[in-house]
Protein chains: 2
Amino acid sequence: MKDKYESIRLRNQLCFPLYAVSNMITRKYKPLLDELDLTYTQYIVMMVLWEEECVNEKLLCETLCLKSNTVTPLLKKLESKGYIKKSKDPDDERNLVITLTKAGEKLKDKALSVPKGIACELNLSREEAATLYKILYKMLDEDRKEG
Amino acid sequence: MKDKYESIRLRNQLCFPLYAVSNMITRKYKPLLDELDLTYTQYIVMMVLWEEECVNEKLLCETLCLKSNTVTPLLKKLESKGYIKKSKDPDDERNLVITLTKAGEKLKDKALSVPKGIACELNLSREEAATLYKILYKMLDEDRKEG
DNA sequence: CTGAATTATATCGCGTGCGATATAATTTGT
DNA sequence: ACAAATTATATCGCACGCGATATAATTCAG
């Protein structure tokens with residue numbers, strides 16, 4: 001006979017391992033990111049900028065699935081560290097955009113050591129990683145659709 | 001020719017969708033948990049207590065993969081809400097243990113509505129959910145082994 | 001051209017999460 | 001039995017993450 005409370009057992013939640021693994025990953029990144037003087041969240045902001053030299057805050061929020069009330073202070077922090085600056089969009093002088101400073105650019109090469117350091121910590125087969133990746137992005141995409 | 005910076009593209013990280021999905025889940029839970037006057041983290045603490053009437057803080061930390069500096073304030077909060085209390089272990093009077101109050105017990109039935117509400121939000125097939133679950137727990141278990 | 005609606009960014013307050021550290025309780029060596 | 005070592009719990013400070021809200025900038029209607 002199935003327990004009435006089966007559905008609220010911690011072990012039967014999908015949310016919990018997601019939450020715990022996410023925390024775990026942030027912990028694993030910390031020592032590596034300390035070398036770059038970045039937190040995990042700052043790191044993912046920098047990743048966006050290393051790819052796209054010039055973005056505005058809105059795009060950043062959408063890309064990272066974060067709200068402006070998270071991103072605004074992050075950008076301030078990264079600005080005070082001298083990695084980014086806000087300037088006029090060269091294409092449209094009216095728009096404010098976020099760009100890398102020289103120091104921020106330079107960090108890109110140093111950051112190459114981070115994925116190497118992490119990879120060996122996550123004991124997943126290539127296939128498991130690919131599966132995980134696919135399912136997670138499916139969830140994110142579904143969510144973005146619903147809005 | 002492969003870009004030297006391929007490995008630090010946001011899209012090539014496994015950590016990012018994990019992080020983003022975890023945030024997403026917390027957001028999705030919020031309206032449901034508001035009904036119980038619980039936050040997401042408080043909810044997973046309560047889940048442990050609904051299963052095991054009587055735990056100490058250490059076990060709670062281990063079960064939830066959290067540190068005492070996260071759990072201690074959480075317990076204070078739950079105590080102030082009247083859902084839990086700290087008392088002597090009936091088996092060993094020297095130990096302090098965390099137990100449910102009547103109100104905390106009562107919440108268990110109300111909580112049954114939460115998984116129902118969430119299930120329909122996560123558009124995963126049963127198989128995908130099972131796969132995801134398996135991989136995530138593998139990661140957690142690996143991590144626990146390493147310490 | 002101008003006030004209203006929309007959009008982008010910022011501020012505020014709360015609740016985590018954690019590293020570092022302090023304190024309290026327990027166990028252990030002798 | 002008792003000081004030292006270990007373990008459990010708590011405190012502190014920082015950095016998110018977000019709902020609610022405020023402000024600034026842009027667009028739109030007439």
Side-chain angles (χ1 to χ4, degrees), chain A residues 15-16 18-34 36-46 55-81 84 86-89 92-98 143, chain B residues 15-16 18-34 36-46 55-81 86-89 92-98 143 147:
Chain A
C15 63
F16 171 66
L18 267 165
Y19 160 89
V21 167
S22 176
N23 289 341
M24 179 189 96
I25 301 256
T26 307
R27 277 196 302 273
K28 285 197 187 297
Y29 268 95
K30 184 165 192 315
L32 298 165
L33 293 177
D34 281 349
L36 312 186
D37 187 26
L38 291 175
T39 64
Y40 178 72
T41 320
Q42 290 163 15
Y43 175 59
I44 62 175
V45 171
M46 292 303 286
V55 295
N56 61 17
E57 187 170 329
K58 184 174 164 9
L59 180 61
L60 213 46
C61 290
E62 277 163 10
T63 308
L64 301 178
C65 309
L66 292 171
K67 305 282 146 56
S68 77
N69 46 11
T70 299
V71 172
T72 300
L74 264 172
L75 295 179
K76 267 198 187 137
K77 198 81 204 180
L78 286 170
E79 206 172 2
S80 79
K81 287 186 182 179
I84 67 168
K86 293 187 183 174
S87 40
K88 299 268 168 66
D89 185 341
D92 183 344
E93 286 280 326
R94 290 169 311 172
N95 288 347
L96 263 184
V97 291
I98 300 138
D143 190 51
Chain B
C15 63
F16 170 66
L18 267 165
Y19 160 90
V21 168
S22 176
N23 289 342
M24 179 189 97
I25 301 256
T26 307
R27 277 196 303 270
K28 284 197 187 299
Y29 268 94
K30 183 163 193 313
L32 298 165
L33 293 177
D34 280 350
L36 312 185
D37 188 25
L38 291 176
T39 65
Y40 179 72
T41 320
Q42 290 163 15
Y43 175 59
I44 63 175
V45 170
M46 292 302 288
V55 295
N56 61 16
E57 187 170 327
K58 183 174 166 8
L59 180 61
L60 212 45
C61 290
E62 278 163 8
T63 309
L64 301 178
C65 310
L66 293 170
K67 305 282 146 48
S68 78
N69 46 13
T70 299
V71 172
T72 300
L74 263 173
L75 295 178
K76 267 198 187 137
K77 199 78 206 185
L78 286 171
E79 207 173 2
S80 80
K81 286 186 181 178
K86 293 185 184 176
S87 40
K88 299 267 168 64
D89 185 342
D92 183 343
E93 285 280 327
R94 290 171 311 174
N95 289 346
L96 264 183
V97 292
I98 299 138
D143 190 52

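Letters A, B, ... are given to chains in the order of the sequence lines, protein chains preceding strands, and every chain is numbered from 1. Because the structure is a prediction, the values reported are computed rather than measured. These numbers come from the heavy atoms of this one structure, side chains and all, not from hydrogens, waters or symmetry mates.
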Original post:
Can a side chain N or O of A:Ser68 be found less than 4.0 Å away from OP1 or OP2 on C:dT9?
Top reply: no
Original post:
Does A:Lys76 or A:Arg27 map to a spot on DNA chain C nearer the 5' end, using the closest nucleotide for each?
Top reply: A:Lys76
Original post:
Nearest to the side chain of B:Tyr19 - D:dA15, D:dA20, D:dG17?
Top reply: D:dG17
**OP:** Please state how far atom CG in B:Asn69 lies from atom P in C:dT16, giving the value in whole angstrom units.
**Re:** 13 Å
Original post:
Rounded to whole angstroms, how far apart are CG on A:Leu96 and C1' on C:dA10?
Top reply: 13 Å
Subject >> Nucleotide nearest B:Lys30 when distance is taken to its side chain, options D:dT9, D:dG19, D:dC16 >> reply: D:dG19
**OP:** Answer yes if the side chains of A:Glu57 and A:Ser68 hold a donor-acceptor pair under 3.5 Å, and no otherwise.
**Re:** no
**OP:** Check every atom of C:dT16, D:dA10, C:dA10 against the side chain of B:Thr41 and return the nucleotide holding the closest atom.
**Re:** C:dT16
Original post:
Once you round it to whole Å, what is the distance between C1' of D:dG19 and NZ of B:Lys28?
Top reply: 16 Å
Original post:
Start at the 5' end of DNA chain C and walk down; is the nucleotide closest to B:Lys81 or to A:Glu57 reached first?
Top reply: A:Glu57
**OP:** Please tell me which of the listed nucleotides, C:dG19, D:dT9, C:dT11, lies nearest to the side chain of B:Lys67?
**Re:** C:dG19
Subject >> Aromatic plane relationship, B:Tyr40 with A:Tyr19 - under 30° parallel, 30 to 60° tilted, over 60° perpendicular >> reply: perpendicular
**OP:** Give a yes/no on whether any side-chain N or O of B:Lys58 is located under 4.0 angstrom from OP1 or OP2 of C:dA25.
**Re:** no
**OP:** Please work out if A:Thr39 contacts a base, only the sugar-phosphate, or nothing of the nucleic acid, heavy-atom cut-off 4.0 Å.
**Re:** sugar-phosphate
Original post:
Roughly how far apart are A:Ile44 CD1 and A:Leu64 CG, rounded to 0.5 Å?
Top reply: 4.5 Å
Subject >> Partner of A:Ile98 under side chain to side chain contact (heavy atoms under 4.5 Å, CB included), chosen from A:Asn56, A:Leu60, A:Val71 >> reply: A:Leu60
Subject >> Atom pair distance, as rounded to whole Å: CG in A:Leu60 and P in D:dG17 >> reply: 13 Å
**OP:** Could you state the atom-to-atom distance from CG of B:Leu66 to P of C:dT16 in whole Å?
**Re:** 10 Å
Original post:
Going by heavy atoms in the side chains, are B:Met46 and B:Leu36 under 4.5 Å from each other?
Top reply: no
Original post:
Picking from C:dG17, D:dC16, C:dT9, which would you name as closest to the side chain of A:Gln42?
Top reply: D:dC16
**OP:** Could you check how far CG of B:Leu32 sits from P of D:dG19, rounded to whole Å?
**Re:** 14 Å
Subject >> Nearest-nucleotide 5' precedence on DNA chain D, B:Leu59 against B:Asn23 >> reply: B:Leu59
Subject >> Given D:dT9, C:dG15, D:dT11, the nucleotide with the shortest approach to the side chain of B:Asn56 >> reply: D:dT9
Subject >> Atom-pair distance (CD1 on A:Ile98; C1' on C:dT9), nearest Å >> reply: 10 Å
**OP:** Can you tell me the distance, in whole Å, between the CG atom of B:Asp34 and the C1' atom of D:dA20?
**Re:** 13 Å
**OP:** Taking all heavy atoms of A:Thr63 and all of A:Leu59, pick out the closest pair and write down the distance.
**Re:** OG1-O, 2.6 Å
Subject >> Nearest listed nucleotide, side chain of A:Lys77, among C:dC18, D:dA15, D:dA10 >> reply: D:dA15
Original post:
A:Thr70 side chain: which of C:dT9, D:dG17, D:dT9 is closest?
Top reply: D:dG17
